[in-house]
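Numbers here simply count residues along the sequence, with the first being 1.
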Amino acid sequence: MTRSELIAELATAYPHLLTRDIERIVHAVFDEIGAALARGDRVELRGFGAFLPRERAARTGRNPRTGDIVPVEEKSVPFFKVGKELRERVNQRLSSRKSSD
């Protein structure tokens with residue numbers, strides 16, 4: 001689902017809200033998650049999961065085009081850890097699809 005699809009779904013689910021207000025809310029939530037990760041903070045959404053920054057050590061990599069060895073600096077990358085409720089919902093949906101086949 002893309003951001004615009006999320007906004008459209010929310011607009012359908014909450015017709016009393018203006019689409020532009022929903023857009024502002026969605027953008028604000030995503031911006032705050034990004035800002036928290038940039039600060040090095042963990043963002044936990046109960047029942048959904050947690051976003052946290054992970055450190056990746058410096059390493060030696062390869063340029064895929066030329067094959068040259070290049071140094072890759074240490075960096076922080078966002079990581080998502082799925083919550084128990086979401087994992088169970090996804091697995092339940094998958095197991096119900098398998099049993100109907």
For the [atom1] atom of [X] and the [atom2] atom of [Y], what is their distance to the nearest 0.5 Å?
X     : Y     : atom1 : atom2 : answer
Ile25 : Leu10 : CD1   : CG    : 8.5 Å
Asp41 : Ile33 : CG    : CD1   : 12.5 Å
Leu52 : Leu37 : CG    : CG    : 7.5 Å
Leu17 : Arg24 : CG    : CZ    : 12.0 Å
Lys81 : Arg42 : NZ    : CZ    : 6.5 Å

Problem set entry | Residue pair His27 / Arg3, side-chain heavy-atom distance below 4.5 Å |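 His27 vs Arg3: side chains touch.
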
For this session: May I ask you to test the Phe30-Leu6 pair for a side-chain heavy-atom distance under 4.5 Å?
Result: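 They are in side-chain contact.
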
Over 12 foreign heavy atoms within 6.0 Å of [atom1], [X]:
X     : atom1 : value
Arg46 : CZ    : no
Glu73 : CD    : no
Gln92 : CD    : no
Glu9  : CD    : no

Please say yes or no: joined through hydrophobic side-chain contacts below 4.5 Å, possibly via intermediate residues, are [X] and [Y] part of one cluster?
X     : Y     : value
Val77 : Val43 : no
Ile7  : Met1  : yes
Leu18 : Tyr14 : no
Leu86 : Phe79 : no

Exercise. Between Phe48 and Phe51, how do the two ring planes meet: parallel, tilted or perpendicular, split at 30° and 60°?
Worked result: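 Phe48 and Phe51: tilted rings.
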
Exercise. Shortest non-hydrogen contact from Val72 to Gly61?
Worked result: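 Closest heavy-atom pair between Val72 and Gly61: CG2-N, 4.0 Å.
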
Problem set entry | Passing candidate, side-chain contact (heavy atoms from CB on, under 4.5 Å) with Asn91, options Glu88, Arg87, Arg89 |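 Option passing the side-chain contact (heavy atoms from CB on, under 4.5 Å) with Asn91: Arg87.
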
Exercise. Within the side chain of Arg62, is there an N or O that forms a donor-acceptor pair under 3.5 Å with the backbone of Gly67?
Worked result: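 Indeed, once roles are kept as given, a pair shorter than 3.5 Å links the two residues.
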
